[in-house]
K.L.:
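I have a structure I would like to understand better, so I am pasting it below and will then ask my questions one at a time.
No experiment lies behind these values; they were computed from the predicted model shown.
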Amino acid sequence: MAGFRDFLLRFRPVGSPGRAAPGGVPADRAAELTAELEPPLSLLEEAEAEARGIRDEAARTAAERCRAAERQAEEIVEQASARAQGLRARTAARGRGQAEAEAAELLAASEREVSAVRSRVEARMPALLDRVARLVAEDIRMPPARGAGDPMAPGHLEGPRDGGP
């Protein structure tokens with residue numbers, strides 16, 4: 001790379017006042033600039049190529065990480081789904097068990113209720129049968145009056161005439 005002095009020489013006026021300059025070859029500014037800029041530009045091209053390689057490698061790495069993350073997410077979803085199915089089954093079994101226990105409890109309560117009703121029926125039945133027998137015996141002993149309840153009375157099968165039951 002050119003030094004600072006060479007850099008300043010570029011700005012030297014061509015035709016300076018004073019005595020004549022020694023003879024020489026005219027300065028080729030384009031060649032000087034090319035020679036001056038060629039090393040930094042070649043370094044810049046190398047840096048660009050390195051940056052392009054880094055970007056390409058980063059893109060490949062990012063794509064691999066995305067695929068790995070997708071696989072991991074799928075595995076997590078599968079595990080969660082399996083755990084959810086197990087949890088659902090356990091919850092259903094627990095609910096079924098509670099429902100069965102409640103049904104058994106209701107069945108036992110209804111059986112107790114049926115037993116209580118049967119015992120009341122058994123306790124009341126003899127008295128009711130005695131009452132029915134007494135009423136039937138009274139009905140048999142008492143001669144029926146001819147009229148509404150007499151099966152031999154006219155209009156017995158027709159029912160009441162006043163529209164009542």
Side-chain angles (χ1 to χ4, degrees), residues 1-132 135 158-160 162-165:
M1 190 163 169
F4 184 71
R5 185 171 181 82
D6 295 332
F7 176 78
L8 290 177
L9 285 177
R10 286 192 301 164
F11 298 104
R12 186 169 51 114
V14 175
S16 59
R19 62 178 198 190
V25 181
D28 186 7
R29 297 277 184 207
E32 287 179 5
L33 286 175
T34 303
E36 182 179 341
L37 293 177
E38 191 172 310
L41 288 178
S42 68
L43 291 174
L44 184 60
E45 286 174 359
E46 291 174 12
E48 284 179 352
E50 184 179 347
R52 192 173 21 258
I54 290 171
R55 279 193 303 271
D56 292 344
E57 180 62 29
R60 281 190 298 275
T61 303
E64 288 174 10
R65 287 183 181 174
C66 283
R67 285 190 297 271
E70 287 173 357
R71 284 191 303 269
Q72 184 179 11
E74 288 173 0
E75 290 173 3
I76 289 171
V77 167
E78 287 174 8
Q79 291 172 354
S81 177
R83 284 186 16 216
Q85 288 175 353
L87 182 61
R88 249 185 257 120
R90 284 193 305 273
T91 303
R94 187 179 319 127
R96 193 176 315 111
Q98 289 173 350
E100 288 173 356
E102 187 176 329
E105 197 174 301
L106 288 173
L107 181 62
S110 65
E111 287 175 354
R112 285 191 301 271
E113 182 86 18
V114 165
S115 176
V117 168
R118 282 189 180 146
S119 66
R120 282 196 307 261
V121 166
E122 289 174 3
R124 292 180 183 173
M125 187 62 75
L128 288 174
L129 290 176
D130 287 343
R131 184 175 172 198
V132 168
L135 289 173
E158 296 174 6
D162 63 350

K.L.:
Say you draw a straight line from CG of L43 to CD of E38; how long is it, rounded to the nearest 0.5 Å?
P.N.:
11.0 Å
K.L.:
What is the distance from atom CD of E64 to atom CZ of R67, rounded to the nearest 0.5 Å?
P.N.:
6.0 Å
K.L.:
Just distance, no hydrogens or angles: give the donor-acceptor pairs under 3.5 Å from side chains in residues 54-62, sequence neighbours left out.
P.N.:
residue, atom, partner, partner atom, Å
E57, OE1, R60, NH2, 2.8
T61, OG1, E57, O, 2.8

K.L.:
Flag the pair R90 / L87 as yes when at least one side-chain heavy-atom distance between them is below 4.5 Å, and no otherwise.
P.N.:
yes
K.L.:
Rounded to the nearest 0.5 Å, how far does CD of E48 lie from CG of L41?
P.N.:
9.5 Å
K.L.:
Could you work out, with salt bridge (charged side-chain N to carboxylate O under 4.0 Å, His left out) as the rule, every residue matching E45, not counting sequence neighbours?
P.N.:
none
K.L.:
OG1 of T91 to CZ of R96: how many Å apart, nearest 0.5 Å?
P.N.:
11.0 Å
K.L.:
For R83, which residues count as a salt bridge (charged side-chain N to carboxylate O under 4.0 Å, His left out) partner, sequence neighbours excluded?
P.N.:
none
K.L.:
Looking at S81 and V77, would you say the former's side chain and the latter's main chain have a donor-acceptor pair under 3.5 Å?
P.N.:
no
K.L.:
Looking at CD of E46 and CD of E50, how far apart are the two atoms once the value is rounded to the nearest 0.5 Å?
P.N.:
9.0 Å
K.L.:
To the nearest 0.5 Å, tell me how far R118 CZ sits from E122 CD.
P.N.:
8.5 Å
